[in-house]
2 protein chains.
Amino acid sequence: MDLSCKSEYALLALLELSPHYASGEPLQIRQISSQQNIPDRYLEQLLATLRRAGLVKSQRGARGGYLLARDPWKISLYDVVSCIEGFDAQADVTKVPDTSEAVVIQDVWGEVRQAAEAILQKYTLQDLVDQRNAKQQVDIMYYI
Amino acid sequence: MDLSCKSEYALLALLELSPHYASGEPLQIRQISSQQNIPDRYLEQLLATLRRAGLVKSQRGARGGYLLARDPWKISLYDVVSCIEGFDAQADVTKVPDTSEAVVIQDVWGEVRQAAEAILQKYTLQDLVDQRNAKQQVDIMYYI
DNA sequence: AGTATACCCCGGTTCTCCACTGGGGTTTGC
DNA sequence: GCAAACCCCAGTGGAGAACCGGGGTATACT
């Protein structure tokens, strides 16, 4: 019941990209990884996954980097986590429960999954950026 | 985001034990494992964990077996899953998030965890037994 | 008493996945 | 043309999941 490193790294990277979306200037892996203490070669793989899922765009060559593919309020946390964790492709080998007890357990677990997904769907990258800004604002007020 | 075998096996076993709680007659590993298609030596380990957590009681020797330690409506699914998955002892190495972005992500994830736990807490073993019975009742009606 | 029946404990094994590293190749701006 | 970036693919080390097996111990029944 804990967030995997993969998803956390991916979210951190996208949160870094979010403020840069307006300018249209790409951000490099090195920048993100040093900013968020993420191993850069690992982050590269995650960004490749996000690109294949259509969440970010990449620009190759010198002065290249990554940009969000669409506005930060149009990307939900569910979009990110589901593509990184890859639980879209889980419909293939759904094991058939053999007893009636197994069925009710699966039902409850479905309810759990749905609740988790609902929360991830209601937050967008923009929401998190706003939350972070608000939190920093509070910190400044306490500092004064 | 999927239920582990361990937790599912444990829940199935406890659902088997629930109807026998009233009689006070213990149920053997072999019975449970054959009823629910669970490898018996593996189930043994899980029941040992449940026993150490105080959810079941064991009776050794001939005509021994396992019983629930308390009434089936006093055991929530959260009790079971948390002890099997062992996420009580997670408070020790809570990694300190280094950036403000990491903090907001952890906050959201905390919300997700809480929602999942709330659902697991609201269901008891008795609830699942009732659901199973209700479902079988419906099946019979369709059969007629 | 003796024996069969069950739990008990501990250890090993295979497999998969995660987190991470490394070696090249290709595109692009200056 | 060269350096800066992405791209792809491959491998590695560790951890945990899902088992299996052997030997020990308590208990009921005869």
Side-chain angles (χ1 to χ4, degrees), chain A residues 1-13 16-17 20 24-34 36-53 55-69 81 84-87 89-90 93 95, chain B residues 1-13 16-17 20 24-34 36-53 55-69 81 83-87 89-90 92-93 95:
Chain A
M1 199 33 116
D2 46 338
L3 185 60
S4 73
C5 248
K6 278 168 90 167
S7 294
E8 184 171 355
Y9 287 165
L11 287 171
L12 286 171
E16 284 290 315
L17 293 180
H20 289 72
E25 284 294 305
L27 207 58
Q28 294 88 337
I29 289 180
R30 301 293 298 277
Q31 314 258 344
I32 303 173
S33 66
S34 69
Q36 297 288 343
N37 299 330
I38 304 172
D40 51 354
R41 306 301 258 98
Y42 191 42
L43 179 59
E44 188 183 339
Q45 295 175 27
L46 301 179
L47 283 169
T49 304
L50 295 173
R51 179 177 50 80
R52 290 186 203 104
L55 293 178
V56 298
K57 283 177 182 164
S58 66
Q59 194 159 327
R60 303 182 67 169
R63 304 197 54 82
Y66 290 92
L67 304 128
L68 289 188
V81 173
I84 285 292
E85 229 70 29
F87 50 68
Q90 74 179 168
V93 201
K95 53 182 173 186
Chain B
M1 199 34 114
D2 47 336
L3 185 60
S4 73
C5 247
K6 277 169 89 167
S7 294
E8 185 171 355
Y9 287 166
L11 287 171
L12 287 171
E16 284 291 315
L17 292 180
H20 289 72
E25 283 295 304
L27 207 58
Q28 293 89 332
I29 288 180
R30 302 293 298 276
Q31 316 257 344
I32 304 172
S33 65
S34 69
Q36 296 290 341
N37 298 332
I38 302 173
D40 52 353
R41 305 303 257 104
Y42 191 42
L43 179 59
E44 188 183 339
Q45 295 175 26
L46 300 179
L47 283 169
T49 304
L50 294 173
R51 180 178 49 79
R52 290 186 203 103
L55 293 179
V56 299
K57 283 177 183 164
S58 66
Q59 194 159 326
R60 304 182 65 170
R63 304 196 52 81
Y66 290 92
L67 304 128
L68 289 188
V81 174
C83 108
I84 284 292
E85 228 69 29
F87 50 67
Q90 76 180 168
D92 43 0
V93 201
K95 55 183 172 187

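No hydrogens, no waters, no symmetry mates; every other heavy atom, side chains included, goes into these values. Protein chains get the first letters and strands the later ones, always in sequence-line order, with residue 1 at the start of each.
Between the side chain of A:Q45 and the base of C:dT21, a donor-acceptor pair under 3.5 Å is found. Residue-to-nucleotide contacts include no donor-acceptor pair under 3.5 Å from the side chain of A:R60 to the base of C:dG29. One cannot find a donor-acceptor pair under 3.5 Å joining the base of C:dC7 and the side-chain atoms of B:E44.
Nearest heavy atoms, B:L27 versus B:E16: CD2-O, 3.8 Å. The nearest pair of heavy atoms linking A:A10 to A:L46 is N-CD1, 4.3 Å.
Using a 4.0 Å heavy-atom distance criterion, B:I29 is classed as a sugar-phosphate-only contact. Across all strands shown, B:R41 has heavy atoms under 4.0 Å from base atoms, whether or not it also approaches the sugar-phosphate.
With C:dC9, C:dT21, D:dA28 as the candidates, the nucleotide lying closest to the side chain of B:R63 is D:dA28. Closest to the side chain of A:R51, from the set D:dC7, D:dA5, C:dA4, is D:dC7.
Nearer the 5' end of DNA chain D, as judged by each residue's closest nucleotide, is the contact made by A:A62, out of A:A48 and A:A62.
Rounded to whole Å, atom C1' of D:dC6 lies 10 Å from atom CG of A:L47. Straight-line distance from the CD atom of B:Q59 to the P atom of C:dC7: 10 Å, rounded to whole Å. Protein atom CD1 of A:I38 is 13 Å distant from nucleotide atom P of C:dT21, rounded to whole Å. Between the P atom of D:dA4 and the CD atom of A:Q31 lies a distance of 13 Å, rounded to the nearest Å. Taking atom CG on B:L46 and atom P on C:dC9, their separation rounds to 14 Å, with Å as the unit.
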